[in-house]
Amino acid sequence: MILVDHVNPILKGRRNSVRNILCIWYLLNGDTKKTKEFLQSYAKSGMTEKYDQELLELANQQYLEFFCLGVVRENVYEIIEALNSSEFDLFRDKLPSPFFSNQNDPSDISPILTAYSQVIPWEDYMGRYEEAERFFGDKQYEKAKEVLQKLEEDAVIRLPVVEALNKKIKAIEAEANEAWEYFQKMLN
């Protein structure tokens with residue numbers, strides 16, 4: 001993958017360009033040729049309707065990978081909005097991360113590297129997550145936690161959706177414990 005001409009150094013003040021190009025490359029399904037065409041088109045006339053639609057279509061097609069890695073459709077829309085803005089400079093400004101926010105670094109794009117460094121069983125992850133969601137929906141929180149714990153142990157990548165469902169379960173359990181303690185105080 002060669003996205004930046006290796007002969008020309010990155011100009012001072014434009015260090016976000018490599019990160020932004022990686023985001024676009026990822027959203028264009030890792031297609032280097034499309035990314036190069038996008039960059040050439042963007043340099044000439046900014047964001048075009050063609051690429052606007054293509055980014056939206058690809059975001060819809062890559063739902064398993066995006067779901068497992070925590071790509072948030074709203075973040076993809078924010079990226080498209082930024083690219084459409086006349087005030088945004090692709091080579092100076094930082095695009096939003098397409099991924100569910102990492103608390104320590106909301107602009108984290110490391111899942112891109114993880115996704116392309118190994119074979120990831122997306123369907124298996126999705127199936128197991130859906131099983132945990134069914135248990136959650138049936139209020140079988142212990143079973144849901146067991147499935148999620150096993151999935152986290154087996155996963156070769158960080159799965160933000162699993163973390164989010166675990167947080168929901170913990171919040172419900174904490175609320176139930178508070179209610180139970182309050183009820184016990186009322187009885188005593």
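For the atom pair Asn84 CG and Asp52 CG, the distance stands at 4.5 Å (nearest 0.5 Å). Taking OG of Ser97 as the start and CD of Glu78 as the end, the distance is 10.0 Å to the nearest 0.5 Å. Rounding to the nearest 0.5 angstrom, the gap separating the CD1 atom in Ile21 from the CG atom in Leu90 is 6.0 Å. To the nearest 0.5 Å, atoms CD1 (Ile24) and OH (Tyr42) are separated by 7.5 Å. Here the straight-line distance linking atom CG of Leu28 with atom OG1 of Thr35 works out to 4.5 Å at 0.5 Å rounding. For the atom pair CG of Leu165 and NZ of Lys167, the computed distance is 12.0 Å after rounding to the nearest 0.5 Å.
With sequence neighbours excluded, the residues that form a salt bridge (charged side-chain N to carboxylate O under 4.0 Å, His left out) with Glu173 are Lys145. Remark: Glu54 pairs with Lys34 by the salt bridge (charged side-chain N to carboxylate O under 4.0 Å, His left out) rule, at least two apart or across chains. Contacts of Gln149 classified as side chain to side chain donor-acceptor pair (under 3.5 Å), with partners at least two apart in sequence or in another chain: Glu153. In this structure Lys150 satisfies the salt bridge (charged side-chain N to carboxylate O under 4.0 Å, His left out) test together with Asp154, sequence neighbours excluded. Phe135 meets the ring-ring contact (aromatic ring centres under 6.0 Å, His included) test with no other residue; sequence neighbours excluded. Residues meeting the ring-ring contact (aromatic ring centres under 6.0 Å, His included) test with Phe88, sequence neighbours left out: none.
In this structure the side chain of Leu151 never reaches within 4.5 angstrom of the side chain of Glu131, judged on heavy atoms. Contact of the Asp31 side chain with the Trp25 side chain is not registered, since no non-hydrogen atoms from C-beta on lie closer than 4.5 Å. Considering only heavy atoms from C-beta on, Arg134 stays 4.5 Å or farther from Val147 through its side chain. Put simply, the side chain of Tyr141 reaches to within 4.5 Å of the side chain of Lys139, judged on heavy atoms.
With a 6.0 Å radius and a threshold of 12 heavy atoms from other residues, nucleotides or ligands, Glu49 has its CD atom at or below the threshold. In the displayed structure, Glu81 atom CD is contacted under 6.0 Å by at most 12 heavy atoms of other residues, nucleotides or ligands.
Although no hydrogens or angles enter the test, the distance criterion places a donor-acceptor pair under 3.5 Å between the side chain of Asn20 and the main chain of Asp93.
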Determine, step by step, whether Leu83 and Phe38 satisfy the side-chain contact (heavy atoms from CB on, under 4.5 Å) criterion, reporting the C-alpha distance in whole Å, the side-chain angles of both residues, the deciding distance to 0.1 Å, and the verdict. CA-CA 11 Å; Leu83 291 169; Phe38 168 84; 4.0 Å; yes
Could you give me the CA-CA distance, side-chain angles and deciding distance for Phe136 and Ile172, then say whether side-chain contact (heavy atoms from CB on, under 4.5 Å) is met? CA-CA 10 Å; Phe136 177 80; Ile172 288 170; 3.6 Å; yes
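Both Trp180 and Leu187 are members of a single hydrophobic cluster when ILVMFWY side chains are connected at heavy-atom separations under 4.5 Å.
Ala82 approaches Pro96 most closely through the heavy-atom pair CB-CD, 4.5 Å.
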